[in-house]
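Working notes, beginning with the structure itself.
Residue numbers start at 1 and run along the sequence shown.
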Amino acid sequence: MDLDVDQIAGFMHLSRPTLYRKIKAISDLTPNELITISRLKKAAELILQGHMRIYEISEAVGFSSQSYFSRAFSRQFNMTPSQFAKNNNLTLK
């Protein structure tokens, strides 16, 4: 997933500042925060499927750093990706 704010603005035919204002007004999040949350939700879905390792999931959803992925995941879900899998009775590959 190489989605970024400039691509979203282009798809919606909006300038970057206009997109920022609209997303902030609707969700109280910045576009980057919204993209990160979407990636983390997709990562949680992939963890629940149990077919991939954590590092594969972090790369698949667009995180280039596994440590940043783990920190962001922990902030969003209040547990590490491994804890999330264990709490859902999944064994990691």
Side-chain angles (χ1 to χ4, degrees):
M1 274 186 172
D2 292 331
L3 189 62
D4 64 21
V5 177
D6 290 325
Q7 286 178 325
I8 294 172
F11 293 146
M12 298 184 75
H13 303 289
L14 297 171
S15 68
R16 186 181 174 115
T18 300
L19 177 68
Y20 180 91
R21 281 192 305 275
K22 288 181 181 278
I23 289 177
K24 188 75 171 169
I26 292 170
S27 67
D28 201 35
L29 299 169
T30 67
N32 285 328
E33 290 169 335
L34 191 60
I35 290 169
T36 299
I37 289 169
S38 298
R39 287 178 174 167
L40 292 170
K41 286 181 179 179
K42 182 61 179 180
E45 289 175 21
L46 293 172
I47 290 170
L48 292 175
Q49 289 175 6
H51 302 297
M52 299 169 75
R53 296 174 191 252
I54 299 296
Y55 77 89
E56 293 171 323
I57 292 170
S58 71
E59 290 175 2
V61 297
F63 286 86
S64 58
S65 166
Q66 210 174 342
S67 61
Y68 176 65
F69 169 73
S70 184
R71 283 192 312 272
F73 193 96
S74 295
R75 277 194 306 270
Q76 183 67 29
F77 296 105
N78 296 317
M79 63 183 80
T80 66
S82 298
Q83 291 169 332
F84 182 81
K86 287 177 187 171
N87 284 354
N88 288 285
N89 298 319
L90 299 171
T91 55
L92 299 174
K93 288 183 165 188

Side-chain donor-acceptor pairs of residues 20-30 under 3.5 Å, sequence neighbours excluded:
residue: Arg21; atom: NH2; partner: Thr18; partner atom: OG1; Å: 3.2
residue: Ser27; atom: OG; partner: Ile23; partner atom: O; Å: 2.8
residue: Ser27; atom: OG; partner: Leu29; partner atom: N; Å: 3.2
residue: Thr30; atom: OG1; partner: Glu33; partner atom: N; Å: 3.1
residue: Thr30; atom: OG1; partner: Glu33; partner atom: OE1; Å: 3.4

**Request:** Name the orientation class of the two ring planes belonging to Phe77 and Phe84 (parallel below 30°, tilted from 30 to 60°, perpendicular beyond 60°).
**Result:**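 Tilted: the ring planes of Phe77 and Phe84 meet at 30° to 60°.
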**Request:** Assess whether atom CE of Met79 is packed by more than 12 heavy atoms of other residues, nucleotides or ligands within 6.0 Å.
**Result:**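 For Met79, atom CE is crowded (more than 12 foreign heavy atoms under 6.0 Å).
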**Item:** Lys42 NZ to Arg39 CZ distance, which is reported to the nearest 0.5 Å
**Value:**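 It comes to 13.5 Å.
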**Message:** Once rounded to the nearest 0.5 Å, what's the spacing between atom CG of Leu40 and atom CD1 of Ile57?
**Reply:**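 Going from CG on Leu40 over to CD1 on Ile57, the span is 11.5 Å.
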**Message:** I'd like to know whether Asn88 forms a side chain to side chain contact (heavy atoms under 4.5 Å, CB included) with Ile47, so could you lay out the CA-CA distance, the side-chain angles of the two residues, the decisive distance to 0.1 Å, and finally the verdict.
**Reply:** CA-CA 9 Å; Asn88 288 285; Ile47 290 170; over 6 Å; no
**Item:** Within residues 66-77 or reaching into it, pairs that qualify as side-chain hydrogen bond (donor to acceptor under 3.5 Å, both in side chains) - sequence neighbours excluded
**Value:**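 The answer is Ser65-Ser67.
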**Prompt:** Of all heavy-atom pairs between Ala72 and Phe63, which one has the smallest distance, and what is that distance?
**Reply:**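 Minimum heavy-atom separation between Ala72 and Phe63: CB-CE2, 4.2 Å.
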**Message:** Could you check whether any side-chain N or O of Gln7 sits under 3.5 Å from a backbone N or O of Asp4, counting only pairs where one atom can act as donor and the other as acceptor?
**Reply:**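 Confirmed, Gln7 side chain pairs with Asp4 backbone.
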**Prompt:** Taking only residues two or more places apart in sequence, or in another chain, which ones meet Ala9 in a side chain to side chain contact (heavy atoms under 4.5 Å, CB included)?
**Reply:**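 Ala9: side chain to side chain contact (heavy atoms under 4.5 Å, CB included) contacts with Leu19.
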**Prompt:** Asp6: what forms a side-chain hydrogen bond (donor to acceptor under 3.5 Å, both in side chains) with it, not counting sequence neighbours?
**Reply:**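 Listed in chain order: Arg16.
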**Request:** Indicate, with yes or no, if Phe69 and Tyr55 share a hydrophobic cluster defined by side-chain heavy-atom contacts under 4.5 Å among Ile, Leu, Val, Met, Phe, Trp and Tyr.
**Result:**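 Unlinked, Tyr55 and Phe69 end up in two clusters.
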